[in-house]
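Quick notes on the structure that follows.
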Amino acid sequence: MTGNVDGGLGSVLVEKGMITQEQLEIALKLQKTTGQRLKDVLIKEGFTTREQLKEFISNHVEIPYVKLSVDLIDPEAVKLIPANVARNLVAIPVTLIGDILTVAVSCPFDTASLDMLAFASGYTLEPILSDEEDILEAIDYFFKHGGLESELMDWDEDHLEFVDRYAPESLDEVRVDEGPVVKLVNLLLTRAIKEGASDIHIEPQENLVRVRYRIDGVLMEARILPVEVLNALVSRVKVLAELNIAERRLPQDGRFFVKYGGKDVDFRVATAPTIYGEAVIIRILDQSKARVSLADLGLEDADMRKLLRALEEPHGFILVTGPTGSGKTTTLYAVLNELSDVSRKIITIEDPVEYRLGMVNQIPVNHKIGLDFATILRSVLRQDPDIILVGEIRDKETAHISVQAALTGHLLLSTLHTTGAPETVPRLVDMGIEPYYVREVVKTIIAQRLVRKLCPRCKEAYTPSPEVMEQLGIKDADGGILYRPVGCKYCNNTGYKGRIGVFEVMPMSEGIKTLTTTQVNPREVRSRAVEEGMDTMWRNAVKKVAQGMTSAEEVARAIPR
C-alpha cells in the first residue's frame, strides 16, 4: 500500500514522535525512487523497527492484533476478495459472520483501500492487524498460482454471446476456453452489466492496471490487474470493436454488441494513449433501457402536466438541456415512447444512435463522409415526418434549419448544453436565432440533472441539524426527519441504488416571450418563470430529499444552487 496510505502513516508517526519530520522527508524521497512501501523504507533506514511499528499501529488504531495462521482462515471467506486485490492491498479475509467480514490487514491507515475491500467483497469490514509476512504467506497458500490465470479463479463464469447488431441470430459465440484474456474481458463485461455500470474504465498506471466501473454516475474500483496483461487486454477489446490493434499512438473509436441474460447490450469503445500505455473507456448501452416511460423519470405531477401539454402541440420546439451525463437522451427517448404510434412518422438524427426504438426511423451521423446534423436534417424534411428528434443542436446551421422545421409544421425535439431552462433562451439568441423566431417556435424547455437514489434496504432516518434544514430551505419534512445513506451488500456499500432525474420545466409563456429580446437577461427570465410557478432544479431536488428519495449530501454534490 503506497501513496496516501504511506503519507497518512508517516504523518501520524511524526505527530506521535515516533520519527522526525526530516526522517519522514528522507523516507518519502527514497520511497519514490525505490517504489517500496514507506514502512519498509523506515525500517531499512533504521528510523524505527518492525516490532515498534507493529506495536504502535496496533495501539494507535485500537484494532486487535492477531497472530495469523492459515488454520484461522475460513477458505470460503477468502473467495470473497479477488486474488489480485488481496496481493495489492496486503489483506486477506479471515471469517464471515452475518454481514461482517473480518479482514487481516498490515496497515489500517488506508481508508480508500478498506473501501475498496468492502466494495470488492460486498460486505461490511471489520479489520484486524496482522504481520505483513503472515498475510502474504496466507495469500500464497490460498491463491497458489500467480499471473492472470489466478486472477480469474475467483470469477463466476457467465454466458456472453458476441453478435452482429443487425443480424437476427448470433454470428459468433466466443467461448471462455479460448484463453485467459478472452475470459477476463468476458467477465469484466458481464460483471459490469450485472452491477448496472454505465462505463468501464481500463486505466494503465506505472505498476498495475486499474479497472473502474461508473455506477450511478460515480466511479468505483472494480479490479486491479497486473500491468503485464495490459497489451493483451487492450488488444482483445480492440479485436471485438474492430479497431487496429497495431496502432497504439492515436485514439480510436469503435463498438461491439452482445447478448447477455436475454438482453441486447451495445458497447462503445474509445482508446487513448497515455504515458503508461493505452487507456480504454467502454460505454455500456443496455437496450432494455430504451423502453423507459415518462413516469419513470421522476417528474413531479405539475411538471408532468406541463410536458404533456407541450406534447399535444402539432409543431414547435421542445428542448432538453443540461451537461453531458445528465440524462437528456433518456428523457427524449421517454418522450418518443409516449408519442410513438402508427399514426405518426418519427425520425431521429443522432450521434451516435444509442438505443433502438420501435416504429422510429433512426439515422446516425457520420462525420467522416460529411453526413452531419444539418445535412441529414435537410434531407429528413423531404421525408414527410411528423416528429423530428435532433440529438443535439451544436451550431448555428443546425439551429436555423431546426427552427425552419418547427415553423413548417413539425414537432422538433432536441438537446442543448446550458445550465438551466431560463439560460436556454439567451443561448438560442446567441446562436443567431432571431428573438421573434425563439418566441414563435419554442414551446417548452426542460433542464435536468441526475441524483443517486438512497438504497431502499439500508437508508437510515435521522434528525438533521437546523443548519442543514436552513441550507435546504425545508421547514418541515415529516416532523424534521430526513434519510441518509448507510451501505449494504445490495448497494455495494455505497448507500445508493439507481438514479432519478431532477428537473425544472419552463413553458414559453407570454410573460417570458416579452422578455425574449436581443438583450434577454437570464436572471429576469428565471425570476418571471418562478413567479409563474416554475420549480427550480434546487427546489425540485429538495422535494426529493424531503420525500426520502435522496440525501442532502447528494443534492449538494450534484445540483447547482
Compute whether any side-chain donor of one residue and acceptor of the other, for Y355 and T329, lie under 3.5 angstrom apart. no
Any side-chain heavy-atom pair from R526 and M506 closer than 4.5 angstrom? no
What verdict does the side-chain hydrogen bond (donor to acceptor under 3.5 Å, both in side chains) test give for S293 and D296, after you've listed the backbone C-alpha separation in whole Å, the side-chain angles of each residue and the deciding distance to 0.1 Å? CA-CA 5 Å; S293 70; D296 299 326; 3.0 Å; yes
All pairs passing salt bridge (charged side-chain N to carboxylate O under 4.0 Å, His left out) where residues 452-467 contributes a residue, at least two apart: R452-E554, E460-R484
Between T274 and P204, what is the shortest heavy-atom contact and its length? OG1-CG, 3.6 Å
Residues which pass salt bridge (Lys or Arg N to Asp or Glu O under 4.0 Å) with R305, listed by chain and number, not counting sequence neighbours: none
With sequence neighbours excluded, give me every side chain to side chain donor-acceptor pair (under 3.5 Å) pair touching residues 428-447. none
Contacts of F267 meeting ring pair (Phe, Tyr, Trp, His ring centres under 6.0 Å) (sequence neighbours excluded), chain-then-number -> F256
More than 12 non-hydrogen atoms from neighbouring residues, nucleotides or ligands closer than 6.0 Å to CZ on R561, yes or no? yes
Between the side chain of N493 and the main-chain N/O of A118, is any donor-acceptor distance below 3.5 Å? yes
Just so I know, are the side chains of Y490 and P456 near enough to count as touching, which here means a heavy-atom distance under 4.5 Å? yes
Salt bridge (charged side-chain N to carboxylate O under 4.0 Å, His left out) assessment of K489 paired with D99: CA-CA 8 Å; K489 185 176 181 180; D99 285 337; over 6 Å; no
Taking ring pair (Phe, Tyr, Trp, His ring centres under 6.0 Å) as the definition, give me every residue that meets it alongside F503, ordered by chain and number, with sequence neighbours left out. none
Going by an N to O cut-off under 4.0 Å, is there a salt bridge joining D266 and R283? no
Quick one: CG on L339 to CE on M359, what's the gap to the nearest 0.5 Å? 11.0 Å
Identify, with sequence neighbours excluded, every residue that meets side chain to side chain contact (heavy atoms under 4.5 Å, CB included) alongside P352. R255, R268
Are the side chain of T190 and the backbone N or O of L187 linked by a donor-acceptor pair below 3.5 Å? yes
Would you find a donor on one side and an acceptor on the other, under 3.5 Å apart, between the side chain of Y483 and the backbone of A546? no
K544 meets the side chain to side chain contact (heavy atoms under 4.5 Å, CB included) criterion, sequence neighbours left out, with E300, I500, V502, N540, Q547, M549, T550
Hey, are the side chains of I393 and M431 touching, using non-hydrogen atoms and a 4.5 Å cut-off? yes
Do NZ/NE/NH1/NH2 and the carboxylate oxygens of D216 and K497 come within less than 4.0 Å? no
pair I346-N361: side-chain heavy atoms closer than 4.5 Å: no
Please name all residues satisfying side chain to side chain contact (heavy atoms under 4.5 Å, CB included) with T375, sequence neighbours left out, ordered by chain then number. L371, D372, R378
pair I349-L389: side-chain heavy atoms closer than 4.5 Å: no
Is a salt bridge present between K345 and D384, judged by a nitrogen-to-oxygen distance below 4.0 Å? no
So that I can tick it off, tell me whether R191 and E195 are bridged by a salt bridge, with the cut-off set at under 4.0 angstrom between side-chain N and carboxylate O. yes
Just wondering, do C491 and Y496 contact through their side chains at under 4.5 Å, heavy atoms? no
Considering residues at least two apart in sequence or located in another chain, which fulfil the side chain to side chain contact (heavy atoms under 4.5 Å, CB included) criterion with E203? H201, R210, R212
Regarding E350 and T348, is there a side-chain donor-to-acceptor distance under 3.5 Å anywhere? yes
Answer whether the closest heavy-atom distance between the side chains of T330 and L450 falls below 4.5 Å. no
When you check the gap from the basic side-chain N to the acidic O, do E504 and R539 get nearer than 4.0 Å? no
What verdict does the side chain to side chain contact (heavy atoms under 4.5 Å, CB included) test give for D351 and F373, after you've listed the backbone C-alpha separation in whole Å, the side-chain angles of each residue and the deciding distance to 0.1 Å? CA-CA 8 Å; D351 183 19; F373 282 108; 3.7 Å; yes
Check whether any side-chain heavy atom of L428 sits under 4.5 Å from a side-chain heavy atom of T516, and report yes or no. no
Tell me, please, which residues at least two apart from K396 pass salt bridge (Lys or Arg N to Asp or Glu O under 4.0 Å). none
Applying side chain to side chain contact (heavy atoms under 4.5 Å, CB included), run through D264 and K259 and close with a yes or a no. CA-CA 5 Å; D264 294 332; K259 287 185 179 294; 2.8 Å; yes
Before giving the answer on side chain to side chain contact (heavy atoms under 4.5 Å, CB included), spell out for L294 and N337 the whole-Å C-alpha distance, their side-chain angles and the decisive distance to 0.1 Å. CA-CA 8 Å; L294 288 178; N337 287 331; over 6 Å; no
Would one find more than 12 heavy atoms of other residues, nucleotides or ligands at under 6.0 Å from atom CD of E470? no
Side-chain polar contacts of residues 308-321 - donor-acceptor pairs under 3.5 angstrom, sequence neighbours left out - could you list them?
{"residue": "T321", "atom": "OG1", "partner": "T418", "partner atom": "OG1", "Å": "3.3"}
{"residue": "T321", "atom": "OG1", "partner": "I446", "partner atom": "O", "Å": "3.4"}

So which pairs with a foot in residues 322-342 pass salt bridge (charged side-chain N to carboxylate O under 4.0 Å, His left out), sequence neighbours left out? D341-R344
Residues R249, E247; criterion salt bridge (charged side-chain N to carboxylate O under 4.0 Å, His left out); working and verdict: CA-CA 6 Å; R249 302 166 300 171; E247 178 56 77; 3.3 Å; yes
